[in-house]
Protein chains: 2
Amino acid sequence: MTNPPSARRTTVHDLAELAGTSASTVSAVLNGSWQKRRISERLANHVTRIAEEQGYALNMQARALRRARSGIIGMILPMYDNRYFSSIAQTFEDMARARGLFPIVTCTQRDPRLELAAARSLLAYQVEYLVCTGATDPDRISRLCSAAGVPTINLDLPGSLAPSVISDNFTGARELTRDILDRASVGAAPSPALFIGGRGSDHNTRERLRGFLAAHEERGLRPEPHQILTCGYAATKAAEALSGFVAAGHPLPRGLFVNSTISLEGVIRWFRQPDSPDLGDIRLGCFDWDPFAEMLSDGIVMMRQDVETMLTTLFRLIETGKPEIRRIEVPPIPLRGRRA
Amino acid sequence: MTNPPSARRTTVHDLAELAGTSASTVSAVLNGSWQKRRISERLANHVTRIAEEQGYALNMQARALRRARSGIIGMILPMYDNRYFSSIAQTFEDMARARGLFPIVTCTQRDPRLELAAARSLLAYQVEYLVCTGATDPDRISRLCSAAGVPTINLDLPGSLAPSVISDNFTGARELTRDILDRASVGAAPSPALFIGGRGSDHNTRERLRGFLAAHEERGLRPEPHQILTCGYAATKAAEALSGFVAAGHPLPRGLFVNSTISLEGVIRWFRQPDSPDLGDIRLGCFDWDPFAEMLSDGIVMMRQDVETMLTTLFRLIETGKPEIRRIEVPPIPLRGRRA
DNA sequence: CTGAAAGCGCTTACAG
DNA sequence: CTGAAAGCGCTTACAG
């Protein structure tokens with residue numbers, strides 16, 4: 001760590017003194033509003049040069065306080081360490097900066113208490129907008145922000161008090177399930193697939209389940225309740241669920257719908273245990289994408305959520321001002337691993 | 001987006017008026033310093049209750065301005081979307097919050113210009129510390145921050161103007177290479193492995209290369225210069241480098257040292273092309289870890305960098321005040337995929 | 001036990 | 001063309 005050499009940082013007043021002018025003028029020059037104020041170009045250049053020489057850095061806190069606008073856009077996010085959420089964070093940052101906003105992303109581990117605490121923190125830092133990604137209780141956060149006059153937008157999981165940009169989970173899941181069932185029925189009698197991962201209580205899982213069932217119904221198939229394992233998102237939960245399924249004496253279906261790469265990790269680990277069946281006999285589909293997972297299982301189909309389009313849509317909502325509360329669904333993109 | 005219902009947010013003055021007291025007292029109560037000021041417990045409770053009723057949210061910008069302390073710790077990070085960096089971001093956030101700091105992480109895509117711009121932005125928002133992760137020119141950033149009196153710490157890549165916490169790249173790479181060479185020489189004459197990925201100009205790649213060569217030397221082996229492919233980190237670069245290597249007529253070695261999971265992605269894609277050799281014949285080692293990659297290749301060894309220890313060390317440096325400039329190396333942890 | 005006042009660094013009407 | 005003044009919301013010596 002380098003030591004503080006200058007106790008106090010350079011301010012507009014320091015620059016004003018050095019330039020033989022006033023703080024008002026310095027501020028106007030530095031903000032580019034000097035033309036509007038009809039400040040002479042000579043003085044403007046002079047001030048600019050001095051600011052550079054002094055390595056002047058604007059104090060955004062002070063500006064924000066005065067302007068009552070921080071220029072900050074906040075995002076709460078369940079976690080960074082899977083490809084879906086990390087690409088959301090990365091794309092969000094890029095797009096925010098491209099629009100002159102300063103992005104602050106905060107991880108909340110799918111914990112409602114942390115989500116609320118993070119939202120409070122971001123409000124204290126005067127965010128101008130808050131994006132709630134995969135929030136367990138987005139409406140609670142919308143209410144909190146609304147009381148502070150801060151607009152919110154939901155991403156990934158919808159809410160009822162703010163516009164929501166989410167994947168088209170129903171259509172995506174139906175398409176994915178069709179593919180799984182078709183592959184599983186090659187050289188075998190058609191039979192229901194297994195659904196694993198996610199929370200039965202969350203909107204996306206419910207919609208994907210609906211798509212899963214719709215694809216079955218098209219083929220005159222009907223999964224039993226025990227073939228729906230909404231065991232949560234954690235990898236270990238998925239592995240445990242599979243063990244329980246087999247321990248209960250159920251035969252493993254040929255088709256497997258995995259609801260997120262997080263669950264997929266647990267599923268594949270389970271199949272790699274010495275006494276597990278061969279993964280090669282299973283027709284796999286996964287809602288969400290990961291480049292290594294895609295290469296891991298021949299013929300796996302992964303529904304890549306279209307993060308780019310989702311975030312472009314989100315920023316369009318922000319830019320258009322105060323849009324009505326509605327839900328926009330963005331189709332995910334199917335990607336297929338090398339066929340077996 | 002929900003509409004701003006209240007134009008102005010509640011301030012300490014509003015609370016003071018409602019509580020029939022002064023802003024000074026409200027501030028003291030809300031800060032928990034009311035005992036020191038010997039404010040009556042009755043009044044303290046009264047103020048607290050009113051603040052809650054009004055849903056009062058502190059304006060951190062104003063506090064930071066007055067206190068000349070923001071409570072913010074910044075981090076610049078090359079990217080989110082691989083497991084090493086995303087776990088750094090996640091662990092950093094958790095640890096910062098646990099220490100009462102507000103973390104702001106910013107992606108800079110290994111671009112020196114973006115790194116500098118991000119550092120400037122974070123300085124404008126008055127960060128108290130800046131962590132430079134994998135920065136291409138950490139000293140430049142240290143100088144910039146030093147001028148503003150902000151201490152920096154380097155993570156992942158070292159610099160000379162601030163303490164640096166990095167992986168023990170030499171030892172880790174030597175160990176990884178030993179393993180690759182040992183596996184490659186089973187049932188075959190010992191021969192040098194191929195090194196692929198990374199930048200020849202960065203410290204970590206140089207150190208890993210040194211470990212790679214040391215392990216060879218122990219066995220009396222000596223890789224040819226054309227067997228060192230420091231082609232950059234991008235996945236496509238690694239694939240191109242392999243194509244070039246083969247096109248030049250070089251036989252593919254049995255052992256392969258891949259310098260990062262990003263490069264590994266390209267390497268595996270290349271091996272999966274129809275006319276490529278069989279990956280099963282290759283003994284693979286990778287510096288960095290990814291759970292799916294670990295499961296992808298039987299017997300692959302992955303050096304997982306010890307993010308937890310690195311960040312614990314980093315925060316210890318911050319907490320001890322102004323430590324001398326030095327380099328701390330944290331050993332990575334070898335993880336082995338299921339043996340072939 | 002408590003309040004009035006000053007000031008953090010900026011910006012913005014306002015007045016010349 | 002430019003400057004003095006006020007004020008954003010907070011905290012902190014200081015004075016009672």
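Per chain, numbering begins at 1; letters A, B, ... match sequence-line order. Please read all numbers here as calculations on a predicted model, not as lab measurements.
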- [ ] Please give the nucleotide sitting opposite C:dA13 as a Watson-Crick or G-U wobble pair, both distances under 3.5 Å, or none.
- [x] none
Task: Between P of D:dC8 and CE of B:Met60, the distance in whole Å - done: 20 Å
Task: Separation of atom CG in B:Leu30 from atom P in D:dC10, rounded to whole Å - done: 9 Å
TODO: Verify whether the ring centers belonging to A:Tyr80 and A:Phe85 lie closer than 6.0 Å.
DONE: no
Task: Whole-Å P distance, D:dA6 and D:dT2 - done: 23 Å
Task: P gap between D:dG9 and D:dA13, integer Å - done: 23 Å
Open item on the list: Output the rounded distance in Å from CZ (B:Arg42) to P (C:dT2).
Closed with: 9 Å
- [ ] Consider the side chain of A:Val12, meaning its heavy atoms from C-beta on, and name the nucleotide among D:dT11, C:dG3, C:dT11 that approaches it most closely.
- [x] C:dT11
- [ ] Take A:Leu65 and A:Ser24, find for each the nucleotide of DNA chain C with the closest heavy atom, and name the residue whose nucleotide sits nearer the 5' end.
- [x] A:Leu65
TODO: State, without any angle test, whether B:Thr25 and B:Ser22 hold a side-chain donor-acceptor pair at a distance under 3.5 Å.
DONE: yes
Open item on the list: What is the distance, to the nearest angstrom, from the CZ atom on A:Arg9 to the C1' atom on C:dG9?
Closed with: 12 Å
Task: B:Arg63 side-chain N/O to D:dT11 phosphate OP1/OP2 under 4.0 Å - done: yes
Open item on the list: From CD of A:Gln61 over to C1' of C:dC8, roughly how many Å is that when rounded to an integer?
Closed with: 11 Å
Task: Distance in angstrom units between A:Leu15 CG and C:dT11 C1', rounded - done: 15 Å
Open item on the list: Side chain of B:Ser27, heavy atoms from C-beta onward: which of D:dT12, C:dG9, C:dT11 has the nearest atom to it?
Closed with: D:dT12
Open item on the list: On the nucleotide C:dT2, are OP1 or OP2 found under 4.0 Å from the side-chain N or O atoms that B:Ser40 carries?
Closed with: yes
Open item on the list: Nearest whole Å is fine: how far is D:dG9 P from A:Arg66 CZ?
Closed with: 10 Å
Task: Any donor-acceptor N or O pair under 3.5 Å, side chains A:Gln305, A:Ser167 - done: yes
Open item on the list: Could you tell me if A:Ser86 and B:Ser86 have a donor-acceptor pair between their side chains, going purely by distance under 3.5 Å?
Closed with: no
Open item on the list: Here's a test of your reading of the structure: between A:Thr10 and B:Leu43, which maps to the more 5' nucleotide of DNA chain C?
Closed with: B:Leu43
- [ ] Step through the shown structure and confirm whether more than 12 heavy atoms of other residues, nucleotides or ligands are within 6.0 Å of CD on A:Glu308.
- [x] no
TODO: Assign B:Thr11 to base, sugar-phosphate, or nothing according to its heavy-atom contacts below 4.0 angstrom with the strands shown.
DONE: sugar-phosphate
Task: Euclidean distance, atom NE2 of residue B:His13 to atom C1' of D:dG9 [Å, nearest integer] - done: 7 Å
